[in-house]
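Worksheet for the structure shown next.
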Amino acid sequence: MGEMTSFQLGVVGALFLSVASSVSIVICNKALMSNLGFPFATTLTSWHLMVTYCTLHVALKFNFFENKPIDMKTVMLFGILNGVSIGFLNLSLGFNSIGFYQMTKLAIIPFTVLVETLFLKKQFSQNIKFALFILLIGVGIASITDLQLNFVGTILSILAIVTTCVGQILTNTIQKRLNVSSTQLLYQSAPFQAAILFVSGPVVDQFLTKQSVFAYKYSPIVVGFIVLSCLIAVSVNFSTFLVIGKTSPVTYQVLGHLKTCLVLGFGYTLLHDPFTSRNIVGILVAIIGMGLYSYFCVHEAKRKQVGDHSSLSQVKEKDTTAPLLAGKNGQVKENNSLV
């Protein structure tokens with residue numbers, strides 16, 4: 001029971017850290033890109049990952065965690081896949097309308113459910129599917145404004161969905177099958193993610209913004225916000241691996257949509273972004289969907305826990321009621337000795 005309580009507290013802590021750090025970095029990056037005019041998102045992500053790796057390397061030197069070797073081919077492919085998925089998401093945003101980009105992010109949940117069902121034989125109850133449906137409807141109402149389709153943008157969105165989904169499933173699978181922690185996996189994969197984005201980032205950003213990150217004039221306040229963004233990103237990257245490892249890729253995506261609702265709310269209250277009745281209705285529907293998802297997950301986990309205890313009790317009872325003295329065919333021998 002103590003281990004279960006400790007695990008639940010760990011999950012709650014990971015979820016809170018993920019929400020707090022993600023909302024913080026969105027607000028920071030929004031100020032950096034919208035107000036200060038620094039549009040190089042992909043390059044900024046590569047800096048995030050490099051700072052994350054350096055921070056973890058220092059933490060390793062001070063023995064905050066133990067490094068566990070992982071097969072180099074596995075780590076390299078995993079890191080490159082995650083780096084590529086970030087690039088595809090940024091390209092998808094560049095080639096599509098914001099509404100279609102939001103649809104792309106929403107599609108990650110049903111695609112993840114499909115992949116896990118088909119290839120990992122994971123079962124999702126009708127209640128969970130219903131809760132996810134309500135959640136997606138709510139986020140769709142709140143965030144999707146226009147849906148402008150084009151061929152290149154659609155292909156990029158499909159690639160972004162596939163690579164993001166597979167990357168998050170692998171994040172969960174590698175941690176559990178290889179028995180490595182989120183910190184150990186992030187430490188070993190971050191250099192490869194950073195490398196692929198460090199090389200491709202300036203090219204992608206110049207293609208999307210028609211500006212060069214090398215020709216940009218960096219003012220002290222811009223540098224300050226970049227440093228702040230990189231520091232917050234350490235927490236974001238760590239909590240991402242932590243949440244996926246402790247829960248599941250689907251739960252992480254649900255959490256991501258909670259962040260979307262919070263960002264919309266913070267954008268209205270802090271940055272005075274436009275906010276309509278449609279946004280409010282969508283957020284409320286999404287919150288209902290998230291509440292249902294959380295309730296059904298907890299309920300099914302408890303039911304599974306009770307079932308496991310019941311099976312264990314039956315095995316123990318069977319062992320204790322077995323005859324102490326049995327014949328060759330399992331018949332109980334009579335004990336005729338005098339007492």
Side-chain angles (χ1 to χ4, degrees), residues 22-23 25-34 37-46 48 81-114 132-133 135-168 197 200-201 203-211 229 233 236 240 249-250 252-268 271 273-276 278-279 282-283 285-286 289:
S22 295
V23 172
I25 201 170
V26 167
I27 294 173
C28 178
N29 288 348
K30 187 175 179 63
L32 179 62
M33 295 178 184
S34 299
F38 184 85
F40 310 107
T42 312
T43 303
L44 181 62
T45 305
S46 71
H48 288 170
L81 176 65
N82 276 288
V84 168
S85 72
I86 295 171
F88 278 137
L89 281 170
N90 286 338
L91 285 171
S92 173
L93 178 59
F95 276 87
N96 294 304
S97 63
I98 293 178
F100 193 80
Y101 174 72
Q102 289 295 337
M103 277 292 294
T104 299
K105 293 174 70 176
L106 289 179
I108 293 173
I109 282 185
F111 189 77
T112 303
V113 171
L114 178 65
L132 291 174
F133 176 74
L135 166 67
L136 295 177
I137 291 294
V139 177
I141 293 173
S143 60
I144 296 175
T145 52
D146 58 327
L147 287 175
Q148 299 175 11
L149 302 178
N150 66 81
F151 179 75
V152 175
T154 302
I155 296 298
L156 289 170
S157 291
I158 292 173
L159 291 173
I161 292 168
V162 173
T163 52
T164 301
C165 168
V166 174
Q168 291 179 358
L197 291 175
S200 63
V203 178
V204 172
D205 287 335
Q206 185 161 11
F207 182 75
L208 294 176
T209 65
K210 311 302 179 186
Q211 300 179 54
S229 178
V236 173
T240 296
V250 173
Y252 176 73
Q253 285 298 323
V254 170
L255 189 69
H257 294 308
L258 169 61
K259 299 170 193 174
T260 300
C261 295
L262 290 175
V263 167
L264 287 172
F266 277 113
Y268 172 72
L271 304 176
D273 289 343
F275 209 64
T276 65
R278 175 178 171 174
N279 295 130
I283 288 174
V285 173

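Owing to the predicted nature of the structure, the values given are computational and were not obtained by experimental measurement.
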Please give me the minimum heavy-atom distance between N279 and A142, naming the atom from each residue. ND2-O, 2.6 Å
Measuring from L93:CG to T104:OG1, what's the distance to the nearest 0.5 Å? 9.5 Å
Rounding to 0.5 Å, atoms CG (N29) and CZ (F38) come to a distance of 9.5 Å
Assess, by modelled atom type and distance only, whether the side chains of S92 and N96 contain a donor and an acceptor separated by less than 3.5 Å. yes
L106 versus G140, closest heavy-atom pair with distance: CD1-CA, 3.8 Å
Between R278 and I141, is a side-chain contact (heavy atoms from CB on, under 4.5 Å) present by the stated rule, with each step listed? CA-CA 7 Å; R278 175 178 171 174; I141 293 173; 3.8 Å; yes
Smallest separation among heavy atoms of A41 and N90, with atom names: C-ND2, 4.2 Å
Hey, what do you get for NE2 (H48) to CD1 (I86), rounding to the nearest 0.5 Å? 10.0 Å
Between the CD1 atom in I283 and the NE2 atom in H257, the distance rounded to the nearest 0.5 Å is 13.5 Å
Roughly how far, to the nearest 0.5 Å, is CG of D205 from OG1 of T42? 4.0 Å
What do the steps show when you test Q206 against F40 for side-chain contact (heavy atoms from CB on, under 4.5 Å), and what is the final call? CA-CA 8 Å; Q206 185 161 11; F40 310 107; over 6 Å; no
Between T43 and L197, does the side-chain contact (heavy atoms from CB on, under 4.5 Å) criterion hold? Intermediate values first, please. CA-CA 7 Å; T43 303; L197 291 175; over 6 Å; no
Please determine whether side-chain contact (heavy atoms from CB on, under 4.5 Å) holds for the pair L44 and M33, giving the CA-CA distance in whole Å, both sets of side-chain angles, and the decisive distance to 0.1 Å. CA-CA 11 Å; L44 181 62; M33 295 178 184; 3.8 Å; yes
F111 vs T164 side-chain heavy atoms within contact, under 4.5 Å: no
Pair F95 and F88, ring centroids less than 6.0 Å apart: no
Output for pair (I161 CD1, M103 CE), nearest 0.5 Å, gives 8.5 Å
Minimum heavy-atom separation for A286 to C261, with atom names? CB-SG, 3.8 Å
Just do the side-chain hydrogen bond (donor to acceptor under 3.5 Å, both in side chains) check on T163 and S85 with the steps written out, would you? CA-CA 5 Å; T163 52; S85 72; 4.7 Å; no
